[in-house]
**Student:** 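This structure is in structure tokens; I'll ask about it shortly.
All figures in this text were calculated on a predicted structure; none of them were measured in a lab. Because only heavy atoms are used, hydrogens play no part in the values below, and waters and symmetry mates are left out as well, while side chains stay in. Every chain is numbered from 1 and lettered A, B, ... according to where its sequence line falls, protein lines coming before strand lines.
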2 protein chains.
Amino acid sequence: MAASRNVTIADIARHVGMTNITVSRALNRPEMVRQATRERIEQAALELGYVPNAFARGLKRSDSRLIGVVTASLDNPFYAEMIKAISRHAKQHDYAIMLFDTDGDAHLESMAIDTLLSYQAAGIILSPVSDEPDYRPDYLPRLRASGIAVVQLDRTLHDSGFSAVVLDNLWAGERVARYLLTHAFACDRRTGDDRLLVVAGPEHSRITCERLEGIRDALAGQADGVAIDVLWGDYTLAPAAEAVGDYLKCHGVPRAIFGLNQLITLGALKALQQAGIAWDQTRVIGIDRLPYLDIFDITVPCVVHDGYHAGAQALEQLLAQMRDPQAASRTLTVRGELLT
Amino acid sequence: MAASRNVTIADIARHVGMTNITVSRALNRPEMVRQATRERIEQAALELGYVPNAFARGLKRSDSRLIGVVTASLDNPFYAEMIKAISRHAKQHDYAIMLFDTDGDAHLESMAIDTLLSYQAAGIILSPVSDEPDYRPDYLPRLRASGIAVVQLDRTLHDSGFSAVVLDNLWAGERVARYLLTHAFACDRRTGDDRLLVVAGPEHSRITCERLEGIRDALAGQADGVAIDVLWGDYTLAPAAEAVGDYLKCHGVPRAIFGLNQLITLGALKALQQAGIAWDQTRVIGIDRLPYLDIFDITVPCVVHDGYHAGAQALEQLLAQMRDPQAASRTLTVRGELLT
DNA sequence: CTGTTAGCGCCTTCAC
DNA sequence: GTGAAGGCGCTAACAG
């Protein structure tokens, strides 16, 4: 029994013998309407099965209760967690979420932004497909001109000027390196052929660069003779596994392996397994938690970041900016924690 | 530099010396406009940074390019996978996704449906907070009356009449039970005190009931003397872990433990660990894959379901129903596969 | 407290 | 191929 025509406030108005505006007010600003009138209207709305038309309202008021979330990967549990936080907090402020999974495709990202612009999104949380400096999406001028509040999350666009919530990647790199310094590369254990294999993201990715810089900073002067080998990748599992597999064949097992995110670390572990090397034959350490392994008494030390917190922060920042569009953009840095 | 006012087709029209309608046509039905005119208009649109107003369009045409997805848990990787599939396919058909994570809260679910109605969603994929027969959400009449296409995914509302994509739970239960019959409860191994512990969802959950029924069917007459103990839960990890922990204290280690979903199985394994019992001291088997454990040579047999496929099916079904609102509702069943 | 008027941006209908 | 008028449903602004 499909509704032939949607019931509008005009229908309600006719039904109770009032005009549209009174109905509109009764439903939206109850205090502006006499109690009795209001009750009759509410009653009628219920009976007729009235559903407000968000398009009409949006058109009239030219603002929306929509927040756009644009992300490159729903797969990544870290992103799933952030999205969960965003969704939960957005709801509390009566915003609905429009979610776009760009799947790493810049064109889809651009279309997502356009759709959000056309829906007059109140704000956008953006985690772009790439954080390399030469990625200059074509939507940037449009997005800027729109005046919509934007907060970048984790990944950022080079020089975009938008606010951001990012991880303390430098610290994470340093922290891991310092850990390795005492546990894998202590002076008294040097053999002269100590290698640290870092399995990274794209070579020019900001996040990768920062993490690498942290490593180099921490090791500088402290670890003579320790060679750092870097394998570039794209933050996903399969390429990391393959690259590490090849490395193992050519160079044997390094003293330690550092995976720059969860999927990379898992990929490295997979390569070890496939090479018939037990995961505890070398020191594997990563960024991001490997889920549920504690249940099997497997501990891979890692720097964990609170994705839920990061997501919540991003939404807070977004709301702040929506309230005050003039406010200067801010970058919030979330620091992780080493778990051993 | 916030946009003072959005640029509309009227602005473009003025800019090129035409009227609104011509601009509208040039942008939406290019074939109805002379080539030269169209090019001038497209050029102007680009220059002025024109963004169509989805609200105005939606208001006029009273249909939208929005598909609503309402789910109880983004956490569950199985749902994340389904959402990924939905999102990817929706995009291909030029639909945007409005995502609602109800977090298990019936009230939020109701609000989500109302929001989708008010946005004139073209269709809704619904995985409600509960699939128990006494859950009768208040939005049901409104949703029915709206005539919007609805496809339920995994969880279903009792007697709702909407289409659905569900798992073959009966089969999954049977399959696991048959496996246990040969691997844990083979005749020649009976000790007279053989117990199968099933860690389930809510007692009246359809999914739980079906899976249990499958177990009982398969075991009927085949496993005299095998006692089935059932622990009820809510499909999440912590309660399952606690319940299994208590059980182990009271009854010792059963011959086999069957977790009715991923999180439950992990909870059971956690309880074993906390009780100081190695995970391979008993036969643990589950529904849903335990991710990444193969990397550590841990194999917990399980029935896996293709969440991506299920999500894709749900969207296909939804599109079919949007095309033909008269079509009878259908229930699609997705069968899993035993992985040992 | 309630009503009148008008218009948000777009597109359908009918004319030219 | 192009234009003029009107209305989708709702709500600001100004009456009364």
**Student:** For Met32(B) and for Pro52(A), find the nucleotide of DNA chain D with the closest heavy atom, then tell me which residue's nucleotide is more 5'.
**Tutor:**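 Upstream on the strand: Met32(B).
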**Student:** Starting at CG of Leu117(B) and ending at P of dG9(D), how long is that distance when rounded to a whole Å?
**Tutor:** 15 Å
**Student:** Would one find a side-chain N or O of Thr8(A) under 4.0 angstrom from OP1 or OP2 of dG9(D)?
**Tutor:**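 Answer no for this pair, as no side-chain N or O of Thr8(A) is under 4.0 Å from OP1 or OP2.
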**Student:** Expressed in angstrom and rounded to an integer, what is the separation of Gln120(A) atom CD from dC8(C) atom C1'?
**Tutor:** 10 Å
**Student:** Specify the separation, in whole Å, of atom OH of Tyr119(A) and atom P of dG9(C).
**Tutor:**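 It works out to 17 Å between those atoms.
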**Student:** Not counting sequence neighbours, which residues clear side chain to side chain contact (heavy atoms under 4.5 Å, CB included) with Ala80(A)? List them please.
**Tutor:**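 By the side chain to side chain contact (heavy atoms under 4.5 Å, CB included) rule, Ala80(A) matches no residue at all.
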**Student:** Below 4.0 angstrom, N of the basic side chain to O of the carboxylate: do Asp159(B) and Arg136(B) qualify?
**Tutor:** no
**Student:** Is it the case that Asp154(B) and Ser127(B) place a side-chain donor and acceptor less than 3.5 Å from each other?
**Tutor:**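 Side-chain D/A pair, Asp154(B) to Ser127(B): absent.
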**Student:** Can you measure Asn6(B) atom CG to dG7(C) atom P for me and round it to whole angstrom units?
**Tutor:**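 So the two atoms are 19 Å apart, to the nearest Å.
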**Student:** Quick one about Ser73(B) and Tyr235(B) (side-chain donor to acceptor, distance below 3.5 Å, no hydrogens or angles considered), yes or no?
**Tutor:** no
**Student:** Salt bridge check, Lys91(A) against Asp101(B): does any charged N sit closer than 4.0 Å to a carboxylate O?
**Tutor:** no
**Student:** CD1 of Ile41(A) versus P of dC1(C): gap in Å, rounded?
**Tutor:** 13 Å
**Student:** Considering only nitrogen or oxygen atoms on both sides, find all protein atoms under 3.5 Å from nucleotides 11-14 of chain C and state each distance.
**Tutor:**
| unit_1 | atom_1 | unit_2 | atom_2 | d |
| --- | --- | --- | --- | --- |
| dC11(C) | OP1 | Asn28(B) | ND2 | 3.3 |
| dC11(C) | OP1 | Arg57(B) | NE | 3.3 |
| dC11(C) | OP2 | Ser24(B) | OG | 2.7 |
| dC11(C) | OP2 | Asn28(B) | ND2 | 3.0 |

**Student:** For a quick check of understanding: with a heavy-atom distance under 4.0 Å over all strands, which category does Thr22(A) fall into, base, sugar-phosphate or nothing?
**Tutor:**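 Here Thr22(A) touches the backbone only, sparing every base.
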**Student:** Tell me whether the count of non-hydrogen atoms from other residues, nucleotides or ligands lying under 6.0 Å of NE2 in His107(B) goes above 12.
**Tutor:** no
**Student:** If you measure from CG on Asp324(B) to CG on Leu319(B), what distance do you get to the nearest 0.5 Å?
**Tutor:**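 If I round to the nearest 0.5 Å, the distance is 13.0 Å.
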**Student:** With under 30° as parallel and over 60° as perpendicular, where do the rings of Phe55(B) and Tyr119(B) fit, or are they tilted in between?
**Tutor:** tilted
**Student:** State the dot-bracket string of DNA chain C. Criteria: Watson-Crick or G-U wobble, both atom distances under 3.5 angstrom; notation: ( ) intrastrand, [ ] crossing earlier pairs, | interstrand, . unpaired.
**Tutor:** ||||||||||||||||
**Student:** Calculate the interatomic distance between Leu27(A) atom CG and dG9(D) atom P; express it in whole Å.
**Tutor:** 16 Å
**Student:** Roughly, in whole Å, what's the span from CG in Leu59(B) to P in dC8(C)?
**Tutor:** 13 Å
**Student:** Which whole-number value in Å describes the distance from Phe55(A) CZ to dT11(D) C1'?
**Tutor:** 18 Å
**Student:** Does a donor on one side chain sit under 3.5 Å from an acceptor on the other, for Thr156(B) and Asp131(B)?
**Tutor:**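 No, no side-chain donor-acceptor contact under 3.5 Å.
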